[in-house]
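So the structure is just underneath, and the comments pick up after that.
Chain identifiers are assigned alphabetically (A, B, ...) following the order of the sequence lines, protein sequences preceding nucleic acid strands; residue numbering begins at 1 within each chain.
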Amino acid sequence: MTGADPDGVREAVDRAYREEWTRVVATLIRATGDWDVAEDAAADAFVRAAERWPGEGVPRNPGAWLTTVARNRVLDVLRRRGVEVGKVREWMAMDEMRGPGAPTDPADVVAARSGAAEIDDRLRLVFTCAHPALPLEARVALTLRTVGGLETPEIARAFLVPEATMAQRLVRAKRKIRNAGIPYRVPEGDELRRRLSGVLAVLMLVHNEGYLASSGDRLLRLDLQEEAIRLARLVVELMPDEPEAGGLLALLLLQHARSAARVDASGDLVPLDAQDRTRWDAAETAQGLAVLDRLDATRPAAAGPYRLQAEIQREHAIAAHADDTDWPAIVRRYDALLALTPSPVIELNRAVALGLAGRAQAGLDELERLEASGSLDGYHLLPAAQADLLRRLGRADASAARYRRAIELAPTEPERRFLTRRLAELDGRDAPDLG
Amino acid sequence: MRYVMFVATDTAPDRSSDEGIPVEQWVEENDARGTRIEGQRLQPVRDATLVRVRDGETIVTDGPFTESKEWIAGFDILECRDLDEAIEIASRHPMARGGRIELRPFWNGEEDE
């Protein structure tokens, strides 16, 4: 291949970045134990690719090219610092002989000898970045930076914090990994399941941050949602037998497929039942459904919180119109979810589903019980749910009172606008112009 | 890596019926495994003494100590492969249930910037 087509080369560099960053950086971290050196060398390799590929052509195996360039860079940097590089070089040579991911850790060598599967370095990276000894926000930042390959300023912008704050968060996280002895290792046995749920929780947080800004006027931050999907795909690729990883991926895909329909031209929220379903991304929906189908075929009995939530989204995805939604099926999933992870928010969603399953009064009774419990005090979606069911029952005055309460509590401007519009529709007036 | 494991009381101990293993068994296990270098239970805070040197003068007092309902009841020094091993060992100590445990790595010799 020649370097004649600059667009093609740029695309090849971008693709290599998306596909190879994690592998390159993960291998270098294992070889050196130094996260900063590994990240800098990986970044440097991609800069060189952008410089050299236009003239030299895109190598047949971009991943191998990048890994070699990055390794040489690591050896240079370490040598310049006066580090004895013999051991690092030995590790790297071992990788070349046995293929990347060959164990160097004594325990892993034992595991490999006993016939356990080879461990992909990317999986070590995923688990270390999500280690519970790190503060939660650092786990999120580190996962995006090191696993996802996002630049620090990008991450800072996505989380609406100053760049220096985000940089400091990353520095502290890496320092704690080094100083506290957080291992670069995939946990084993019972610990694996527990820690995997921590990894998935980090991805869910990345997604949620993109789904709904917790305050302010920016409703959709698509980049973070796409990033969460990309990372979830990686985890599923690395751990194909874990039903919750697949469940999370399906959940993220099915939700993301509705992005275009969720907000109208003026930036207002469109509720699920009013969304133009032809604007849902059919390809993404199909991918999400396929992940669930595969789980149904291979792991029919393994119910977990993410899979159940994905199955709820599936009920929406397969309903041609809002009226076709199988609400009783959704109520059953919420029952299963509550049995696994009791939470007042899930109880709230179950009550709404119950109300929409043709049992509005039963739903309202549940909501009243939840309100009396005080567990959702100050949560705007509780009065909003009450308002909606009251409206469906034709109790306009009671409904209006609950909408007003929900508007008081709503944390974001788009949500306030949506609720205000609903209130106005109830009164039979046009929505007031809020400018 | 070496860690000091501070064993402390906690105002919200575990209320489940799972009592774990007795401390003697924990000590025996970790001594045999080579993961426990040394450890001691400590006299309560009421028997503690505070020493400060200010302006060349040694000031010895009975306090004040940080007002706290959680106080250090003992310590162990662990020699572990990494934090995950230290966590696994700490989680088997009975005071992980009855109190709380803080794992502090030995200083690695580098000054933080």
Checklist outcome for this item: Correct closest heavy-atom pair for B:P105 and A:A180 would be CG-CA, 3.8 Å
Checklist outcome for this item: So, the part of B:F106 with a heavy atom under 4.5 Å from chain A: the answer is neither
Checklist entry - Heavy-atom distance under 4.5 Å between the side chains of B:L83 and A:K176, does that happen here? => result no
Item to check | Heavy-atom proximity to chain A below 4.5 Å, by part of B:I87 | outcome: side chain
Checklist outcome for this item: In this structure, CE of B:M1 is separated from CG of A:N179 (nearest 0.5 Å) by 7.5 Å
Checklist entry - Quick check: are there more than 12 heavy atoms from other residues, nucleotides or ligands sitting under 6.0 Å from CG of B:D62? => result no
Item to check | Close side-chain approach of B:D84 and A:E188, heavy atoms under 4.5 Å | outcome: no
Checklist entry - Hey, does B:E110 have a side-chain heavy atom less than 4.5 Å from the side chain of A:R178? => result yes
Next on the checklist: Does any backbone or side-chain atom of A:R172 lie under 4.5 Å from a heavy atom of chain B? Answer side chain, backbone, both or neither.
Outcome noted: neither
Item to check | Residues, nucleotides or ligands: over 12 heavy atoms within 6.0 Å of B:E28 CD | outcome: no
Item to check | Greater than 12 external heavy atoms within 6.0 Å of B:N108's CG | outcome: yes
Next on the checklist: Can you confirm whether more than 12 heavy atoms, excluding those of B:R33, are under 6.0 Å from its CZ atom?
Outcome noted: yes
Checklist entry - Any chance CZ of B:R41 has more than 12 other-residue heavy atoms, nucleotides or ligands included, within less than 6.0 Å? => result no
